[in-house]
Q: 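Structure in structure tokens, see below.
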Amino acid sequence: MRAVTIALMSEVNQELAARFDQMSKVLEILDENRFRVASYARAARALEALGDDLARIGPDEKALVKIDGIGKGLAALIAEYLRDGRMADYDQLMASIPPGLPALLEIQGLGPKTIALLWKQAGIESVEDLKKKLANDSLADLPGLGSKKLENLRKSLTFAQTAGQRFRINQAMAMAQWAIQELCDKAEGIKRIEYAGSLRRGRETIGDVDLIVACGDEHRGGISEAFRSLEPVTEVLGSGDTKTSVRMGSGIQVDLRLVRPEQFGAALLYFTGSKEHNVKLRERAIRRGMSLNEYGLADRDDPEKLIASEDEPSIYKALQVRWIPPELREGRDEIERAEKGELPELVTVKDIRAELHAHTQASDGRMGLRDLAMLAIDLGYHTLAITDHSRSQVQAHGLDEARLLRHVEAIRSLASELEGQIQLLAGSEVDILADGKLDYPNSLLKQLDIVVASPHAALGQDSKMATSRLLKAIANPYVTILGHPTGRLLTRREGMNPDMRAVLKEAAQRGIAVEINASPWRLDLRDHHARMAIEMGVPLAINTDAHDSNDLDNLYYGVQTARRAGAGKTHVINCLDRKELAKWLASTRA
DNA sequence: GCCGTTTTCGGCCCGACTGTTTTCAGTCG
């Protein structure tokens with residue numbers, strides 16, 4: 001555990017989120033009031049998603065209770081931690097059970113009741129203990145643990161050791177689209193089929209894929225069978241009348257739900273979530289004398305009396321609120337905002353008219369300059385910026401000064417040829433070096449139409465250094481866009497953790513844009529930082545950072561991230577028309 | 001422990017599937 005004095009920025013948020021999460025698990029194993037358990041878990045999620053830095057808010061309980069999900073009790077705990085660097089309740093709680101016990105909750109099929117039983121009656125205190133006892137068959141005497149259950153536990157343990165947990169959104173999307181196509185080809189009677197869950201909400205990583213199928217009752221068996229028989233299925237986790245779960249070879253879990261066509265909207269809404277959004281919708285239904293479940297919105301007193309169920313908009317309408325796009329359904333303030341008419345018209349892929357960050361064969365791209373330009377023309381863009389890597393990116397064939405100048409010449413030459421079809425901007429993705437200096441001198445940057453400044457190396461810097469590094473880069477008068485500010489790679493590398501509020505404040509003052517890098521590896525800015533950017537008046541740039549022709553399709557993920565932040569097209573510079581964009585670019589150099 | 005458009009107490013979402021249960025508890029989403 002880090003001492004609080006050196007825990008910086010949102011490291012504090014993460015630390016406190018981890019503690020509340022842990023506390024909720026311990027309380028659950030101790031069979032505490034389930035609503036109390038849920039409160040700690042909810043608080044943990046709230047802190048993880050909090051754009052603001054708790055260290056900045058400080059031990060001010062009045063300010064802390066303003067955070068949704070934090071009440072008086074938890075605010076006092078947070079304040080205690082921020083003030084003293086410790087939390088007595090946490091220490092006490094953690095001392096009350098063996099430290100290895102909460103980790104058992106991660107094992108599929110193992111819940112708090114069974115863990116408590118294993119602990120109290122078999123002396124199991126950790127995953128290791130469980131493995132040993134499972135191996136020598138000494139658990140069969142425990143009540144409620146038959147041979148089947150033990151076998152399933154063995155399987156879960158093997159899986160937990162070998163497999164990762166969350167998948168990047170493009171991996172989940174590929175699986176979802178493939179499975180949908182296969183089922184449509186191979187099964188009879190599918191009336192509608194959609195993916196739901198966090199994939200539909202556009203989260204940056206996905207735990208499992210949910211598919212919702214509308215069909216008549218007579219087709220259920222066949223569709224379930226076709227699903228279980230999909231070639232990549234390695235394990236059927238469960239299969240009943242309306243629900244089947246399988247695990248694919250890649251490790252990803254896919255759930256299939258079968259519903260009647262007239263219930264499709266309710267099921268789609270329910271399984272799209274988020275859980276928190278659903279809870280709020282249900283509470284809203286109850287306040288209005290109705291009840292909502294995956295089969296529909298019904299009269300509370302007469303559940304047979306369906307009010308809405310066939311599609312999502314009719315359900316929202318009956319709840320007296322505008323339809324809410326899935327990307328916003330995170331259970332924050334979206335329902336209240338929708339009610340007040342404050343939800344913006346969210347940006348769409350069609351609104352994007354310019355690509356402002358792309359690579360060619362000059363550095364590490366696969367496309368030639370002309371091929372890339374042609375693709376951009378096909379996509380209907382009015383502007384394409386060519387931004388190859390700068391000299392320090394040796395492994396990516398970064399351009400030294402002489403090569404960059406020749407490249408610029410080539411771009412300008414092609415630009416005049418294609419005048420009237422597309423505007424080509426000669427630019428660079430310039431490395432922000434570890435000390436915040438840029439990889440080219442200003443005399444060179446000055447000659448470019450656009451400069452995307454991004455960090456690529458020294459990403460393990462502490463938060464303080466990362467912050468001053470980015471601030472220094474933003475202050476450079478020739479930077480146009482701050483590219484993928486943290487340098488993270490999802491499921492692979494955490495990246496830097498700068499004080500994003502300070503970075504965005506500087507960007508706002510300088511008048512430059514900050515990128516949402518649409519690569520599913522990056523999605524950087526992430527959603528809640530993009531939301532913070534909007535609140536602070538910083539323009540967003542949604543760029544694919546394309547290295548290959550397929551990469552241009554990643555735009556969808558970047559747009560979804562922007563939508564999750566509540567961005568409309570006025571917040572995104574790629575939506576400006578050609579003239580407006582030129583004017584904006586000029587303004588960054590004023 | 002949180003929360004408030006029946007608000008400071010009394011609620012807090014609810015159904016499917018599995019396994020061991022002979023009527024239901026635990027887990028999951």
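Reckoned from all heavy atoms, side chains included, excluding hydrogens, waters and symmetry mates. Order of the sequence lines fixes the chain letters, A, B, ..., with proteins taken first and strands second; residue numbering starts at 1 for each chain.
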Q: Would you tabulate the pairs of protein nitrogen or oxygen atoms and nucleotide nitrogen or oxygen atoms of nucleotides 22-24 of chain B closer than 3.5 angstrom?
A:
none

Q: Using a 4.0 Å heavy-atom cut-off, does A:Pro112 contact any base of the nucleic acid, only the sugar-phosphate backbone, or nothing at all?
A: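 If one applies the 4.0 Å heavy-atom cut-off, A:Pro112 turns out to touch the sugar-phosphate alone, with no base involved.
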Q: Strictly by modelled atom types, are A:Glu330 and A:His277 linked by a side-chain donor-acceptor pair under 3.5 Å?
A: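 Absent: no donor and acceptor within the cut-off.
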Q: Under a 3.5 Å cutoff, is there a donor and acceptor pairing between the side chains of A:Asn554 and A:Ser519?
A: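 No donor-acceptor contact under 3.5 Å links the two side chains.
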Q: How close or far is atom P of B:dG26 from atom CG of A:Asp31, stated in whole angstroms?
A: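 Taking atom P of B:dG26 as the reference, CG of A:Asp31 is at 9 Å.
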Q: Taking only Lys NZ, Arg NE, NH1 and NH2, and the carboxylate oxygens of Asp or Glu, determine whether A:Glu283 and A:Arg288 approach each other closer than 4.0 Å.
A: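 The answer is no: the pair does not qualify as a salt bridge.
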Q: It should be established whether A:Arg36 places a side-chain nitrogen or oxygen under 4.0 Å from OP1 or OP2 of nucleotide B:dG1.
A: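 For B:dG1, OP1/OP2 do have a side-chain N/O of A:Arg36 under 4.0 Å.
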Q: Quick one: what's the B/S/- string for nucleotides 7-12 of chain B, heavy-atom cutoff under 4.0 Å, read 5' to 3'?
A: -----B
Q: Identify whether any heavy atom of A:Asp68 sits under 4.0 Å from a base atom; if not, whether one sits that close to sugar-phosphate; answer base, sugar-phosphate or nothing.
A: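 Sugar-phosphate only.
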Q: Between B:dT20 and B:dA25, how far is it from one C1' atom to the other, in whole Å?
A: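 One C1' to the other, the span is 10 Å.
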Q: Say you pick atom C1' in B:dC17 and the same atom in B:dT21; how far apart are they, in whole Å?
A: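 Straight-line distance between the two C1' atoms is 14 Å.
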Q: Under 3.5 Å for both donor-acceptor distances, Watson-Crick or wobble: does B:dG10 have a partner, and if so which one?
A: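 Looking at the geometry, B:dG10 pairs with B:dC3.
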Q: Picking from B:dG29, B:dG19, B:dG15, which would you name as closest to the side chain of A:Lys149?
A: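 Closest nucleotide to the A:Lys149 side chain: B:dG19.
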Q: Provide the distance between the two P atoms, one in B:dC12 and one in B:dT6, to the nearest whole Å.
A: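 The same atom, P, in both gives a distance of 15 Å.
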Q: Does one side chain, of A:Ser245 or A:Asp255, offer a donor that lies under 3.5 Å from an acceptor on the other?
A: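 There is such a pair between these side chains.
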Q: Go through the steps for A:Asp333 and A:Arg531 under the test salt bridge (Lys or Arg N to Asp or Glu O under 4.0 Å), then give the verdict.
A: CA-CA 13 Å; A:Asp333 55 356; A:Arg531 181 167 160 137; 3.4 Å; yes
Q: Using whole Å, report how far CG of A:Leu237 lies from P of B:dC17.
A: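 Roughly 14 Å, once rounded to whole Å.
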Q: Output yes when at least one side-chain N/O atom of A:Ser239 is less than 4.0 Å from OP1 or OP2 of B:dC17, else no.
A: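 False: A:Ser239 side-chain N/O out of range (4.0 Å or more) of B:dC17 OP1/OP2.
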Q: With P as the reference atom in both, quote the distance from B:dT18 to B:dG10 in angstrom, rounded to an integer.
A: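 Taking atom P in both B:dT18 and B:dG10, they lie 40 Å apart.
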Q: Report, one line per pair, each donor and acceptor closer than 3.5 Å where one atom sits in a side chain of residues 227-236 of chain A; sequence neighbours left out.
A:
| from | atom 1 | to | atom 2 | distance (Å) |
| --- | --- | --- | --- | --- |
| A:Arg228 | NH1 | A:Ser239 | OG | 2.7 |
| A:Arg228 | NH2 | A:Glu225 | OE1 | 2.8 |
| A:Ser229 | OG | A:Glu225 | O | 2.7 |
| A:Ser229 | OG | A:Glu225 | OE2 | 3.0 |
| A:Thr234 | OG1 | A:Arg247 | O | 3.1 |

Q: Out of B:dT6, B:dG19, B:dG29, which nucleotide sits closest to the side chain of A:Asn152?
A: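 Selected nucleotide: B:dG19.
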Q: If you check every side-chain atom of A:Ser39, which of B:dC2, B:dA16, B:dG19 has the closest atom?
A: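 In terms of side-chain proximity for A:Ser39, the closest of B:dC2, B:dA16, B:dG19 is B:dC2.
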Q: If you take all heavy atoms of A:Gly296 and A:Ala266, which pair is closest and at what distance?
A: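 Looks like N-CB, 3.3 Å.
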Q: Starting from P on B:dC13, measure out to CG on A:Leu297 and report it in whole angstrom.
A: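 After rounding, the reported distance stands at 16 Å.
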Q: Check the distance between B:dT5's P and A:Met290's CE and give it to me in whole angstrom.
A: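 The distance from CE of A:Met290 to P of B:dT5 comes to 15 Å, rounded to the nearest Å.
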Q: Reading DNA chain B from 5' onward, which residue's closest nucleotide shows up sooner: A:Ser147 or A:Glu294?
A: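 By nearest-heavy-atom nucleotide position, the 5'-most residue is A:Glu294.
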Q: When only distance counts, do a donor and an acceptor, one from the side chain of A:Tyr270 and one from the base of B:dG29, lie under 3.5 Å apart?
A: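 Present.
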Q: Does A:Thr114 reach a base, just sugar-phosphate, or nothing at all? Heavy atoms under 4.0 Å.
A: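 It contacts sugar-phosphate atoms only.
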Q: Pick base, sugar-phosphate or nothing for A:Lys275, based on heavy-atom distances below 4.0 Å to the nucleic acid.
A: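 Base: the residue A:Lys275, judged by heavy atoms under 4.0 Å, touches a nucleobase.
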Q: Nearest-Å distance, CD (A:Glu235) to P (B:dT18)?
A: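 The answer, rounded to whole Å, is 13 Å.
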Q: Taking atom P in both B:dG15 and B:dT8, compute the distance separating them and give it to the nearest angstrom.
A: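 Taking atom P in both B:dG15 and B:dT8, they lie 28 Å apart.
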Q: Could you measure between the two C1' atoms, the one in B:dC13 and the one in B:dC2, and give it in whole Å?
A: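 That atom pair is separated by 16 Å.
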Q: Whole angstrom is fine here: how far is it from CG in A:Leu256 over to C1' in B:dC28?
A: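 Atom CG in A:Leu256 sits about 16 Å away from atom C1' in B:dC28.
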Q: By the 4.0 Å heavy-atom rule, please label A:Leu281 as base, sugar-phosphate, or nothing.
A: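 Contact class for A:Leu281: none.
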Q: Tell me, do A:Arg488 and A:Arg493 make a side-chain contact under 4.5 Å, heavy atoms counted?
A: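 Side chain of A:Arg488 against side chain of A:Arg493, heavy atoms only: no contact under 4.5 Å found.
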Q: Any base atoms under 4.0 Å from A:Ser245, or only sugar-phosphate, or nothing? Heavy atoms, all strands.
A: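 The answer is nothing, as A:Ser245 stays clear of every strand by at least 4.0 Å.
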Q: Rounded off to whole Å, could you give me the CG-to-P distance for the A:Leu145 and B:dG19 pair?
A: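 Whole-Å distance recorded here is 13 Å.
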Q: Flag this pair as yes if the NZ/CZ of A:Arg19 is under 6.0 angstrom from the six-membered ring centre of A:Tyr90 and inside a 45 degree cone about the axis; otherwise no.
A: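 Relative to the ring axis of A:Tyr90, which defines the angle, A:Arg19 lies inside both limits.
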Q: Could you tell me how far apart A:Asn278 (CG) and B:dG29 (P) are, to the nearest whole angstrom?
A: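 In whole Å, B:dG29 P lies 15 Å from A:Asn278 CG.
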Q: Scan side-chain atoms only and decide if A:Thr272 and A:Arg200 contain a donor-acceptor pair under the 3.5 Å cut-off.
A: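 Yes - a donor-acceptor pair under 3.5 Å links their side chains.
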Q: Which residue, A:Arg42 or A:Arg282, contacts DNA chain B at a nucleotide closer to its 5' end, judged by nearest heavy atom?
A: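 Per heavy-atom nearest nucleotide, the more 5' residue is A:Arg42.
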Q: Can a side-chain donor-acceptor contact be found between A:Thr205 and A:Arg166 if the only test is distance below 3.5 angstrom?
A: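 Present: a donor and an acceptor within the cut-off.
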Q: Does either side chain, that of A:Ser24 or that of A:Asp21, offer a donor lying less than 3.5 Å from an acceptor on the other one?
A: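 No, A:Asp21 and A:Ser24 have no side-chain donor paired with an acceptor closer than 3.5 Å.
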Q: Looking across every strand, which nucleic acid part, if any, lies under 4.0 Å from A:Gly69 by heavy atom: base, sugar-phosphate, or nothing?
A: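 Here A:Gly69 touches the backbone only, sparing every base.
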